[in-house]
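Computed from a predicted model, the values in this text were never measured in an experiment. Basis for what follows: all heavy atoms, side chains included, without hydrogens, waters or symmetry-related copies. Sequence lines set the chain letters: A, B, ... in the order given, protein chains first and strands last, and positions in each chain run from 1.
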2 protein chains.
Amino acid sequence: MVRYQTQLKFPLPRKRDHDIVPKRSNISSKYLDSIILGDCLDILQDMPDNFVDLVVTSPPYADRRSKVYGGVKPRDYVGWFLPISDQILKVLKPTGSFVLNIKEIAVNGERLTYVIELILQMRNQGWLWTEEYIWHKRNCYPGKWPNRFRDAWERCLHFTKGKDFSMYQEEVMVPMGDWSQSRLKNLSETDKIRDNSKVDSGFGKNVSNWIGRDKVYPTNVLHLATECGNKNHSAAFPVSLPSWFIKLLTKEGDIVLDPFIGSGTTAVACKSLNRHFIGIDINAAYVDLATKRVKSKMEKGRECNE
Amino acid sequence: MVRYQTQLKFPLPRKRDHDIVPKRSNISSKYLDSIILGDCLDILQDMPDNFVDLVVTSPPYADRRSKVYGGVKPRDYVGWFLPISDQILKVLKPTGSFVLNIKEIAVNGERLTYVIELILQMRNQGWLWTEEYIWHKRNCYPGKWPNRFRDAWERCLHFTKGKDFSMYQEEVMVPMGDWSQSRLKNLSETDKIRDNSKVDSGFGKNVSNWIGRDKVYPTNVLHLATECGNKNHSAAFPVSLPSWFIKLLTKEGDIVLDPFIGSGTTAVACKSLNRHFIGIDINAAYVDLATKRVKSKMEKGRECNE
DNA sequence: GTTCCGCATGAATCGATAG
DNA sequence: ACTATCGATTCATGCGGAA
């Protein structure tokens with residue numbers, strides 16, 4: 001197999017003294033911040049054990065995107081995925097997490113069962129099924145059928161290697177409900193603009209603290225819209241989704257792996273949040289697109305859709 | 001490499017005498033609009049086949065409410081429920097639906113698997129797993145844990161006996177999103193007229209679809225609040241939940257069964273919507289409470305929390 | 001500079017048609 | 001009988017041009 005590796009040269013985040021469990025040798029650091037072309041099964045087999053802090057991915061769904069990917073049949077799906085999840089188990093640190101975004105399709109009026117069978121089989125493999133988050137898609141695909149409504153949710157299955165894993169809950173706290181919103185609405189437009197600019201320049205901290213006091217822990221239901229109208233890339237996976245889990249489950253400088261990187265959404269999220277990424281994809285056009293998108297991200301700074 | 005063959009070969013659904021649509025004899029009508037004390041397994045065995053239009057229920061979850069109910073252990077849950085779902089399959093009409101509100105609990109940092117195992121086993125039993133609705137609990141139970149957030153959703157599993165079942169989608173249509181109000185209300189009168197005239201010529205078809213339309217079909221994600229502050233009962237199950245499925249899946253005069261009626265929520269919903277109810281509970285205090293609640297409902301009319 | 005509106009675009013699903 | 005492709009259905013969102 002042709003192994004085409006794109007090594008992007010990004011400045012490493014500031015050194016911190018609280019890591020490092022495995023010392024980052026030359027062999028292991030070659031993976032950092034790169035989009036790798038190849039079958040993730042092969043790539044993962046060569047990767048060091050206990051190396052990655054978080055795996056977050058949205059694999060091709062059964063019978064979808066068959067032109068780009070192979071088009072895995074529903075009845076082959078579990079058998080196709082289990083060897084991959086086995087390799088993920090190997091490269092993940094003991095305190096790491098695996099977040100799997102997936103949804104079963106409906107065929108002939110019935111939901112197929114390969115996703116829930118996969119959960120059971122991954123438990124046999126050694127995974128802990130820690131939690132199931134719901135991604136509520138505010139703008140779901142339209143359509144009308146006699147026997148069902150539009151499908152507006154997907155699973156974000158959270159697996160870990162053990163009971164004790166890293167979780168930084170404060171990083172994803174959200175503003176409180178109506179009360180704080182009405183309070184913020186009453187700020188004048190100029191105030192908001194000024195305060196925003198202050199935050200960027202490191203000033204205006206008092207305002208963000210004031211806002212921070214009205215924050216509350218989220219639940220296991222995420223309300224995010226898909227990104228549909230973007231011209232360069234149309235990711236089924238909005239940046240905000242991996243961003244949320246990256247903030248929740250890693251700290252700055254950690255390593256995040258996406259074995260089905262697609263258009264590079266997870267890598268873009270990592271760059272915004274000062275985490276290292278490792279992206280893998282079997283499709284050369286996607287590797288190209290993801291590489292370009294991350295480079296553009298580094299040049300232009302923060303993207304709007306984050 | 002281990003090859004796992006998914007999509008197990010399930011036996012075909014048992015043949016049932018679907019042709020017999022029972023007339024409402026004395027024997028069968030004795031069940032209507034009553035709350036029955038007893039084990040639902042016994043009661044259902046005596047009930048006529050193909051008798052009920054909808055079964056909607058929220059059974060005791062594993063290890064919850066153990067003082068009131070038996071307190072079924074997680075590892076016994078599937079074995080405990082399967083005989084009941086088998087009886088439900090029997091009493092349900094061929095075009096009927098079974099909506100099961102359930103959520104797995106977390107033990108030792110892990111979500112248990114009895115619910116997804118139950119889905120697989122019920123398919124084995126002959127059920128079609130038609131859809132999984134998500135009930136998003138806007139005000140969920142408070143709490144804070146180091147390894148998980150508050151659980152803000154539950155499954156509403158929709159099972160049917162076949163592909164063709166009754167569904168009245170117009171009954172649960174919802175107001176359109178904000179965007180239409182902010183955009184369409186500002187269309188000038190001439191614009192509306194022009195767009196309407198375009199319909200005849202084949203242009204502007206999609207525009208005309210929105211004119212004069214204020215309702216839209218919902219999705220498979222339900223946003224309902226729990227009822228928290230009621231004095232008599234603390235039902236985890238708000239009236240709005242069975243109400244929604246009753247409107248969607250039955251018409252007036254149809255028969256709705258809840259084999260775990262509890263405080264009588266499903267019966268209350270039925271009385272509001274002019275459907276017949278059959279409630280069963282093994283706990284005498286609950287049968288008492290539900291009976292009183294339905295009587296009070298019939299006297300006082302509509303309840304506030306509906 | 002705002003706000004407003006036209007338009008394209010989706011990890012969808014079903015039923016019909018064709019090989 | 002089983003698979004591959006196609007048309008019809010539907011609605012929230014972001015972008016870009018217009019007012």
J.: For K163(B) and for C140(A), locate the closest nucleotide of DNA chain C by heavy-atom distance; then report the residue assigned to the nucleotide nearer the 5' terminus.
T.: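 Result of the comparison: C140(A).
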J.: Regarding P59(A), tell me which of base, sugar-phosphate or nothing describes its non-hydrogen contacts under 4.0 Å with the strands shown.
T.: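 Touches a base.
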J.: For the pair N220(B) (side chain) and Y133(B) (backbone), establish whether a donor and an acceptor sit closer than 3.5 Å, ignoring hydrogens and angles.
T.: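 The answer is no, because no donor-acceptor pair under 3.5 Å joins these two groups.
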J.: Is there a residue in residues 144-155 of chain A whose heavy atoms reach under 4.0 Å of DNA chain D, and which residues are they?
T.: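 Result for residues 144-155 of chain A: K144(A), R150(A), sorted by number.
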J.: Would you kindly give the CD1-to-C1' distance between I261(A) and dA11(C), to the nearest whole Å?
T.: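 Result: 17 Å.
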J.: Measure from the side-chain heavy atoms of Y61(A) and tell me the nearest of dC11(D), dG10(C), dA11(C).
T.: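 For Y61(A), the side-chain atoms sit closest to dA11(C).
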J.: Is it the case that the side chains of K251(B) and S166(B) hold a donor-acceptor pair, with the cut-off being a distance below 3.5 Å and no angle test?
T.: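 No, no side-chain donor-acceptor pair sits under 3.5 Å.
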J.: Glycosidic conformation of dA8(C), syn or anti, with 90° from 0 as the boundary?
T.: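 What dA8(C) shows is an anti base, its glycosidic angle lying more than 90° from 0.
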J.: Between D33(A) and K271(A), is the closest basic N to carboxylate O distance under 4.0 Å?
T.: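 The answer is yes: the pair qualifies as a salt bridge.
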J.: Between P on dT13(C) and NE2 on H158(B), what's the gap in Å once rounded to a whole number?
T.: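 It is 15 Å, rounded to the nearest whole Å.
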J.: Hey, can you tell me if W153(A) and W153(B) have their rings parallel, tilted or perpendicular (30° and 60° cut-offs)?
T.: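 Rings of W153(A) and W153(B): tilted, 30 to 60°.
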J.: Starting from P on dC14(C), measure out to CD on E131(B) and report it in whole angstrom.
T.: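 In whole Å, dC14(C) P lies 9 Å from E131(B) CD.
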J.: Any sub-3.5 Å donor-acceptor pair from Q169(B)'s side-chain atoms to W145(A)'s backbone N or O?
T.: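 The answer is yes, because a donor-acceptor pair under 3.5 Å joins these two groups.
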J.: Please report, rounded to the nearest Å, how far the P atom of dA12(D) is from the NE2 atom of H136(A).
T.: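 Atom NE2 in H136(A) sits about 10 Å away from atom P in dA12(D).
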J.: Please report the distance, rounded to the nearest Å, between CZ in R138(A) and P in dA11(C).
T.: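 Whole-Å distance recorded here is 16 Å.
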J.: Tell me: CZ of R111(A) to P of dA11(C), nearest whole Å?
T.: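 For the pair R111(A) CZ and dA11(C) P, the rounded distance is 15 Å.
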J.: When L54(B) is tested against each of D254(B), T250(B), L248(B) for side-chain contact (heavy atoms from CB on, under 4.5 Å), which residue passes?
T.: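 Of D254(B), T250(B), L248(B), side-chain contact (heavy atoms from CB on, under 4.5 Å) with L54(B) is met by T250(B) alone.
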J.: Could you tell me whether the side chain of D281(A) and the main chain of I36(A) form a donor-acceptor pair under 3.5 Å?
T.: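 No, the answer is negative, given that no donor and acceptor are paired below the 3.5 Å cut-off.
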J.: Would you please test I261(A) and Y286(A) for side chain to side chain contact (heavy atoms under 4.5 Å, CB included) and show each step?
T.: CA-CA 8 Å; I261(A) 191 78; Y286(A) 266 137; 5.8 Å; no
J.: Hey, does the side chain of R75(A) come within less than 4.0 Å of dT3(D)'s phosphate (OP1/OP2), counting only N and O?
T.: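 Checking R75(A) against dT3(D): at least one side-chain N or O falls below 4.0 Å of OP1 or OP2.
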J.: Between F159(A) and F98(A), what is the ring plane arrangement, given parallel below 30°, perpendicular above 60°, and tilted in between?
T.: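 It falls in the tilted class, 30° to 60°.
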J.: With a non-hydrogen cut-off below 4.0 angstrom, is I102(A) in contact with a base, only sugar-phosphate, or nothing?
T.: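 No contact.
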J.: Between dC11(D), dT13(C), dG15(C), which nucleotide gets closest to the side-chain atoms of A106(A)?
T.: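 Nearest to the side-chain atoms of A106(A), counting from C-beta on, is dT13(C).
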J.: D63(A) CG to dC14(C) C1': how many Å, rounded?
T.: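 Distance check: D63(A) CG to dC14(C) C1' gives 15 Å.
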J.: Using the criterion of both pairing distances under 3.5 Å for Watson-Crick and G-U wobble pairs, give all stems of 3 or more consecutive pairs involving DNA chain C.
T.: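 If one scans DNA chain C for consecutive Watson-Crick or G-U pairs, the stems found are C:2-10 with D:11-19, C:12-19 with D:2-9.
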J.: If the cut-off is 4.0 Å, is R64(A) near the phosphate of dT13(C), judged by side-chain N/O to OP1 or OP2?
T.: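 True: R64(A) side-chain N/O within range (under 4.0 Å) of dT13(C) OP1/OP2.
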J.: Work out how far the P atom of dA11(C) is from that of dC15(D), and round it to whole angstrom.
T.: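 Their P atoms lie roughly 15 Å apart.
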J.: To the nearest angstrom, how far is Q169(B) atom CD from dT13(C) atom P?
T.: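 For the pair Q169(B) CD and dT13(C) P, the rounded distance is 14 Å.
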J.: Choosing from dC11(D), dC14(C), dT3(D), which nucleotide comes nearest the side chain of P142(A)?
T.: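 Closest nucleotide to the P142(A) side chain: dC11(D).
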J.: Have a look at H158(B) and tell me which of W127(B), F245(B), F165(B), W135(B) forms a ring-ring contact (aromatic ring centres under 6.0 Å, His included) with it.
T.: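 That would be F165(B); it is the only one of W127(B), F245(B), F165(B), W135(B) passing the ring-ring contact (aromatic ring centres under 6.0 Å, His included) with H158(B).
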